[in-house]
Amino acid sequence: MKQLISVLLSTATVFSLALLPVSATSIPEVESAAILEQPQLTNEDAHVLTMEMFNEAFTRDDVINILAADKANGMASTYAYVPVTVTEAEIQEFYAKIEAIVARAPALSYYFSNYYWWTRDDDDYYDDLISLKLVPTSVMKNTHDKEEALAAWALVKDACDSSRYWPNEGSLSQQFLCHFYGEIAHRAGLCEAVGDWDLEPIRPNTGLFQFAINKCNPHD
């Protein structure tokens with residue numbers, strides 16, 4: 001378990017600083033085992049990554065935090081406070097990587113073959129749990145690049161944040177990252193297969209550490 005948490009957290013802090021929490025609102029009540037919203041998703045999906053879309057999901061300050069956290073994680077073994085400075089060159093290098101992804105014009109279907117809002121049971125803590133199910137493609141299951149993960153999140157946010165079932169973005173983003181790092185941990189032989197990704201707005205925005213030790217499913 002310590003190895004798994006290390007894999008999840010060694011670089012995951014990068015994203016926890018960038019994916020900012022949004023205050024939760026009340027979750028609508030629904031009947032059990034219902035598919036609530038099932039948008040159509042094809043290879044010509046309407047949600048295609050652009051720089052505008054990325055910049056709506058991540059500000060320049062977010063990017064600086066991402067890079068600073070990345071550096072801080074690299075220094076973690078020293079167990080000493082070291083001031084972290086992010087240079088303009090590093091910022092531009094990061095954006096160049098994102099622009100290279102944008103140039104490929106990936107659609108949401110590049111990362112997820114299907115997505116929909118549905119209800120499921122969490123027998124231990126919740127009934128009729130509203131969840132955003134994401135069915136990852138082989139790309140999403142096998143990438144280790146944070147830039148690809150950020151691009152994928154920007155697309156998910158663009159496609160889903162207008163839904164009435166999206167009231168707790170901070171929690172959803174942390175669950176997304178936990179699944180992303182869980183895929184990395186699975187490939188390293190540290191945990192079982194992740195399967196489909198379920199993101200549930202009712203889960204508290206506890207921070208990535210609690211998500212990791214609760215297998216991406218913390219509860220109140």
Side-chain angles (χ1 to χ4, degrees), residues 1 3-22 24 41 47 49 57-58 66 69 73 101 106-122 124-126 129-161 163 165-219:
M1 177 58 75
Q3 285 179 305
L4 172 57
I5 293 173
S6 176
V7 170
L8 288 170
L9 297 182
S10 62
T11 51
T13 307
V14 168
F15 299 103
S16 66
L17 293 175
L19 298 177
L20 302 177
V22 174
L41 185 107
H47 303 284
L49 187 67
F58 302 99
I66 288 169
N73 285 327
I101 295 174
L108 181 56
S109 56
Y110 179 69
Y111 298 110
F112 298 100
S113 62
N114 199 4
Y115 70 104
Y116 52 88
W117 293 96
W118 71 310
T119 59
R120 69 186 187 91
D121 285 338
D122 179 338
D124 293 329
Y125 300 102
Y126 303 112
L129 190 63
I130 295 175
S131 176
L132 174 60
K133 179 177 284 293
L134 301 170
V135 182
T137 65
S138 60
V139 171
M140 205 67 237
K141 281 186 168 293
N142 290 288
T143 187
H144 63 275
D145 295 334
K146 64 178 181 292
E147 293 83 8
E148 292 284 5
L150 290 170
W153 173 253
L155 282 160
V156 169
K157 176 177 166 62
D158 181 70
C160 300
D161 70 353
S163 171
Y165 303 116
W166 181 282
N168 192 5
E169 186 174 312
S171 175
L172 295 172
S173 68
Q174 296 300 321
Q175 293 173 65
F176 183 92
L177 297 174
C178 189
H179 289 308
F180 168 67
Y181 284 105
E183 297 284 7
I184 295 175
H186 172 63
R187 295 198 301 275
L190 300 177
C191 69
E192 61 189 16
V194 176
D196 295 342
W197 299 11
D198 276 292
L199 315 182
E200 290 115 8
I202 199 173
R203 296 196 184 279
N205 185 13
T206 58
L208 204 52
F209 178 79
Q210 287 297 324
F211 276 98
I213 64 176
N214 285 283
K215 299 181 180 179
C216 304
N217 292 318
H219 53 84

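Smallest separation of non-hydrogen atoms from S173 and G170: OG-O, 2.8 Å. The minimum heavy-atom distance linking L129 with I202 is given by the pair CD1-CG2, 3.2 Å. Nearest approach of G195 to P136, heavy atoms of both residues: O-CG, 3.8 Å. Annotation for C191 and G182: closest pair SG-O, 3.6 Å, computed over non-hydrogen atoms. For the pair M140 and A149, the tightest heavy-atom approach, listed with the atom from each and the gap, is CE-CA, 4.2 Å.
In this structure, the side chain of Q175 engages the main chain of E200 through a donor-acceptor pair within 3.5 Å. Checked by atom type and distance alone, the side chain of S113 never pairs as donor or acceptor with a backbone atom of T137 at under 3.5 Å. A donor-acceptor contact shorter than 3.5 Å links the side chain of N168 to the backbone of R203.
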- Message: Between Y110 and L155, is the side-chain contact (heavy atoms from CB on, under 4.5 Å) condition met? List the steps.
- Response: CA-CA 10 Å; Y110 179 69; L155 282 160; over 6 Å; no

- Task: Report the C-alpha distance between L199 and W166 in whole Å, list the side-chain angles of each, state the deciding distance to 0.1 Å, and finish with yes or no for side-chain contact (heavy atoms from CB on, under 4.5 Å).
- Result: CA-CA 10 Å; L199 315 182; W166 181 282; 5.9 Å; no

- For F112 and W197, what are the C-alpha separation, side-chain angles and deciding distance, and is it a side-chain contact (heavy atoms from CB on, under 4.5 Å)? CA-CA 10 Å; F112 298 100; W197 299 11; 3.8 Å; yes

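With values rounded to the nearest 0.5 angstrom, L132 atom CG is found 10.0 Å from Y116 atom OH. Taking CG of L108 as the reference point, atom SG of C160 lies at 7.0 Å (rounded to 0.5 Å). Atoms CD1 and CZ, from I66 and F58 in turn, are 5.5 Å apart once rounded to the nearest 0.5 Å. Expressed to the nearest 0.5 Å, how far NE2 of H186 lies from CG of N142 amounts to 9.0 Å. One distance of note links CG of L172 with OG of S131; it measures 9.0 Å at 0.5 Å rounding. A distance of 10.5 Å separates NE2 in H144 from OH in Y181, rounded to the nearest 0.5 Å.
Under the side chain to side chain contact (heavy atoms under 4.5 Å, CB included) criterion, A151 pairs with L49, I101, Y111, sequence neighbours left out. Listed by chain and residue number, D196, D198 satisfy the salt bridge (Lys or Arg N to Asp or Glu O under 4.0 Å) test with K133 (two or more places apart in sequence, or in another chain).
Side-chain contact between Y115 and V156 is absent, with no heavy atoms from C-beta onward closer than 4.5 Å.
In this structure, W117 and Y165 have tilted ring planes: the angle between them lies in the 30° to 60° band.
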